[in-house]
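A quick write-up on the structure given underneath.
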There are 2 protein chains.
Amino acid sequence: MPTIKDVAKLAGVSTATVSRAMMNPEKVSEKTRLKVEAAVAECGFSPNVIARNLRRSESKTIVVIVPDISNMFFANIVRGIQRVALKNAYKVLLGDSIHTVEQAKAYMDLVRSKQADGIISLTAELPAEVRQGSELPMVMACEYFPGFPVPTVRIDNRGSASRAVDYLLDIGHRSIGCITGPMENPICIDRKAGYQDSLQKINIAVDEQAFEDGDFSFHSGYSAFRRLQQHFNMTALFCFNDMMALGAMKAAIELGIKVPQQLSIVGFDDLLFAEYTDPGLTTVRQPQEEIGITAANTLVKVLQGGKANQDTIIPTQLLVRGSCVSPSK
Amino acid sequence: MPTIKDVAKLAGVSTATVSRAMMNPEKVSEKTRLKVEAAVAECGFSPNVIARNLRRSESKTIVVIVPDISNMFFANIVRGIQRVALKNAYKVLLGDSIHTVEQAKAYMDLVRSKQADGIISLTAELPAEVRQGSELPMVMACEYFPGFPVPTVRIDNRGSASRAVDYLLDIGHRSIGCITGPMENPICIDRKAGYQDSLQKINIAVDEQAFEDGDFSFHSGYSAFRRLQQHFNMTALFCFNDMMALGAMKAAIELGIKVPQQLSIVGFDDLLFAEYTDPGLTTVRQPQEEIGITAANTLVKVLQGGKANQDTIIPTQLLVRGSCVSPSK
DNA sequence: GTGAAAGCGCTAACAC
DNA sequence: GTGTTAGCGCTTTCAC
């Protein structure tokens, strides 16, 4: 592999000039620039970015920590991140933490060891030390910790959940089951609060029997619904994500409960598949790619030394599809 | 950030000794090792990996090129790759080429610029230069070019497709539609050949009217089926992937065609969702994580200077679910 | 077993 | 506008 020295020799200039010709062409005369370009082409030179990074002490890489790479919800967020990263000449290192704090820590260490410049975390399952006050350039997307001084990009979980439940109430439901996520998670607390807000607004008592916990997986939705329907009588169901909504839908169908005639279902996320089920799943759409784009832009701003918004709230949207009807039916 | 010099000063040894104590602890006396460890802990030293990489001229990073990160099929493959990479102290840089050759080239250039040591490509949409004879350490998974001298990890597309069609023939179907992928793609050519093999084996003429092209997307499956059923009468349908099978299923239901009673459907891949549809989708399972693991192991072997298998064929499996019944029904 | 010293390939002052 | 030079932080001979 040719180095900058070879190019310099070939072009009959110094290495500094070669470097300039490539990085700041305007700081070099037209003539030398052409000479250098010719030499580069002749020997097929491609700069050693590792050496450059060492010299400039930056890596032009950002780490994205995802709790589960096979969860489709994250794919479009990552795509949005990639798009922005690319535009700003950053590479993206995708780290799957597999829901473990240790893995997450390993990825965060990439910043300490100068292999990455910053972090976008799509998970709140982070090492405890870090939650106190992060010294690392970092942005959290979707998830957050209350009081954790890191810019976040997220949605209004409480308001969005409330809007979904409002819709069910509007079309006449009065007994609405709810499959939550892990309740130690702040966004789950928010969504549950949103559910409660809606009922309280029209003076319906909140029945604790209406809730079952899931873990955001299809299977947990499936089994949570089987448990739920044994102790709670409902005409509608609100699930904290689409995956669990689909699991619940499958369970309902197996139990001979017709969707939507006997059970209306609302999900959360708007996964690709929400549109394809039969009936289509009514859900709270999170603009996934936009979340990714915004998170990446925020991190880029932080990395450039700018002050970033502490919190950016991305609007959601209730998508009404076939999975809900009035209970009168 | 402390450097190795700081640690050396603190421990009262040379930088060389610090380096040794960390990289080859056995080459250093117990006593100095402890001194160094204490110093490292005291100042919170974490080695600058960029500097190390420059010195050793390697990056311990592999690039994975994916044509579409939001395509779930690749998620589990990537997960398998990550697992192996981690075990061998490699980082994974996930590159989404968005089906463009330019993007793919950009990711391949990471190897030239020493930012990555090798490539795993999950797409065949690569720059033409590269296809001639790759000088870069590279492994292809799933896709391949005939005659391209790079180790591949893939399935027996022809045999697998044939097994799926055999199954449909076995349960009595004689008129089997087929939604293919882009026919310039070698694996699609193979799968089509497999379809033809099955028919020819029992002396059924292959009707060119039985085929419609898709592009592996849900939507293309949907519209391909609508076209297909206008000019071809079938009791069963074989799709080159699950996404298109689901699209076709949706189209069929909309057209009032009952699945499986009036139309049996077989897919390919075994996406997570194949199990969750109603009816469950009969499909050819590709062991995605295993493909990833094998591809990564192969690349690691190449990077370590070993000779890797030129081609590894991973077995597939026909998963029979509810989407197929005998046409007599 | 340990230290001194030479670079890996590049960039950025600083001179000219 | 261009060259000289001094490192970035680490690993690795080569001596001792």
Side-chain angles (χ1 to χ4, degrees), chain A residues 1-40 43-61 89 91 109-117, chain B residues 1-40 43-61 89 91 109-117:
Chain A
M1 272 282 116
T3 73
I4 200 171
K5 263 188 184 166
D6 301 317
V7 179
K9 207 171 297 170
L10 216 58
V13 297
S14 74
T15 60
T17 301
V18 176
S19 177
R20 280 191 209 101
M22 306 194 71
M23 305 274 296
N24 313 80
E26 74 284 1
K27 298 202 163 186
V28 132
S29 78
E30 172 86 7
K31 207 175 105 218
T32 39
R33 211 197 66 231
L34 292 172
K35 270 198 302 191
V36 170
E37 277 167 4
V40 165
C43 65
F45 169 72
S46 151
N48 181 325
V49 178
I50 295 281
R52 172 183 298 166
N53 289 344
L54 174 60
R55 178 59 227 243
R56 310 186 49 162
S57 65
E58 65 179 3
S59 62
K60 283 304 217 176
T61 299
K91 291 160 293 288
D109 281 340
L110 293 176
V111 176
R112 290 208 184 72
S113 58
K114 301 287 188 200
Q115 295 176 93
D117 296 339
Chain B
M1 271 282 115
T3 73
I4 200 170
K5 263 187 186 166
D6 302 316
V7 178
K9 207 170 297 172
L10 216 59
V13 297
S14 72
T15 59
T17 301
V18 175
S19 178
R20 282 191 206 101
M22 305 195 71
M23 304 275 297
N24 314 79
E26 74 284 1
K27 296 202 165 185
V28 132
S29 78
E30 171 86 7
K31 208 177 103 217
T32 37
R33 211 197 65 230
L34 292 172
K35 269 197 303 190
V36 170
E37 277 167 5
V40 165
C43 66
F45 170 70
S46 149
N48 181 322
V49 178
I50 295 280
R52 172 184 296 165
N53 289 344
L54 173 59
R55 179 58 226 243
R56 309 184 49 158
S57 65
E58 65 179 4
S59 62
K60 284 305 218 175
T61 298
K91 290 160 294 284
D109 281 340
L110 293 175
V111 176
R112 289 208 185 72
S113 58
K114 300 288 188 199
Q115 296 177 92
D117 296 339

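First the proteins, then the strands, lettered A, B, ... as listed; each starts at 1. When reading the values below, keep in mind they use all heavy atoms of this one structure, side chains included, and skip hydrogens, waters and symmetry mates.
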Take atom CD1 of A:Ile50 and atom P of D:dG9, then tell me their distance rounded to the nearest Å. 15 Å

Under 3.5 Å, side chain of A:Asn24 to main-chain N/O of A:Glu26, donor-acceptor pair present? no

Under-4.0 Å side-chain N/O to phosphate OP1/OP2 contact, B:Thr32 with C:dT2: yes

Starting from P on C:dA15, measure out to NZ on A:Lys27 and report it in whole angstrom. 16 Å

Does C:dC10 have OP1 or OP2 sitting under 4.0 Å from an N or O in the side chain of A:Thr15? no

Main chain of A:Gln115, side chain of A:Ser59: is a donor-acceptor contact present, judged purely on distance under 3.5 Å? yes

What's the CG-C1' distance between A:Asn24 and C:dT11, to the nearest Å? 10 Å

Indicate the atoms forming the closest heavy-atom contact of B:Ile4 with B:Phe45, along with that distance. N-CE1, 3.4 Å

Please answer whether the main-chain N or O of A:Asp109 pairs with a side-chain N or O of A:Ser113 as donor and acceptor at a distance below 3.5 Å. yes

Return no unless some side-chain N or O of B:Thr3 is found under 4.0 Å from OP1 or OP2 of D:dG9. no

With a 4.5 Å cut-off on side-chain heavy atoms, are B:Lys114 and A:Met1 touching? yes

In whole angstroms, the gap separating P of C:dG9 from CD of B:Gln115 amounts to 15 Å

Which of the following nucleotides, C:dG1, C:dA5, C:dG9, is nearest to the side chain of B:Ala16? C:dA5

Given C:dG3, D:dG1, C:dC10, identify the nucleotide with an atom nearest to the side chain of A:Ser29. D:dG1

Ranking C:dC10, C:dT2, D:dT11 by distance to the side chain of B:Val28, first place goes to C:dT2

Residue pair B:Pro47/A:Lys31 against DNA chain D: nearer the 5' end by closest nucleotide is A:Lys31

Do side-chain atoms of B:Asp117 reach the backbone of B:Lys60 as a donor and acceptor pair under 3.5 angstrom? yes

Taking five pairs at each end, how big is the angle between the two axes of the helix from C:dG1-D:dC16 to C:dC16-D:dG1, to 10°? 30°

Take atom NZ of B:Lys60 and atom P of C:dC8, then tell me their distance rounded to the nearest Å. 22 Å

Give the rounded distance in Å between these two atoms: CG of B:Asn48 and P of D:dC8. 11 Å

Would you say a side-chain N or O of B:Arg56 is under 4.0 Å from OP1 or OP2 of D:dT11? no

Between C:dG3, D:dT11, C:dG9, which one does the side chain of B:Arg20 approach most closely? C:dG3

With respect to the phosphate group of D:dT2, does any side-chain polar atom (N or O) of A:Ser14 fall under 4.0 Å of OP1 or OP2? no

Quick one: label B:Val13 by what it contacts on the DNA or RNA (base, sugar-phosphate, nothing), any heavy atom closer than 4.0 Å. sugar-phosphate

So for atom NZ, which belongs to A:Lys9, do other residues, nucleotides or ligands contribute more than 12 heavy atoms lying within a distance under 6.0 Å? no

Interatomic distance where CD1 belongs to B:Ile4 and C1' belongs to C:dA4 [whole Å]: 14 Å

What integer distance in Å separates B:Met23:CE from D:dT13:P? 12 Å

Has B:Thr32 got a side-chain atom pairing as donor or acceptor with B:Ser29's backbone, closer than 3.5 angstrom? yes

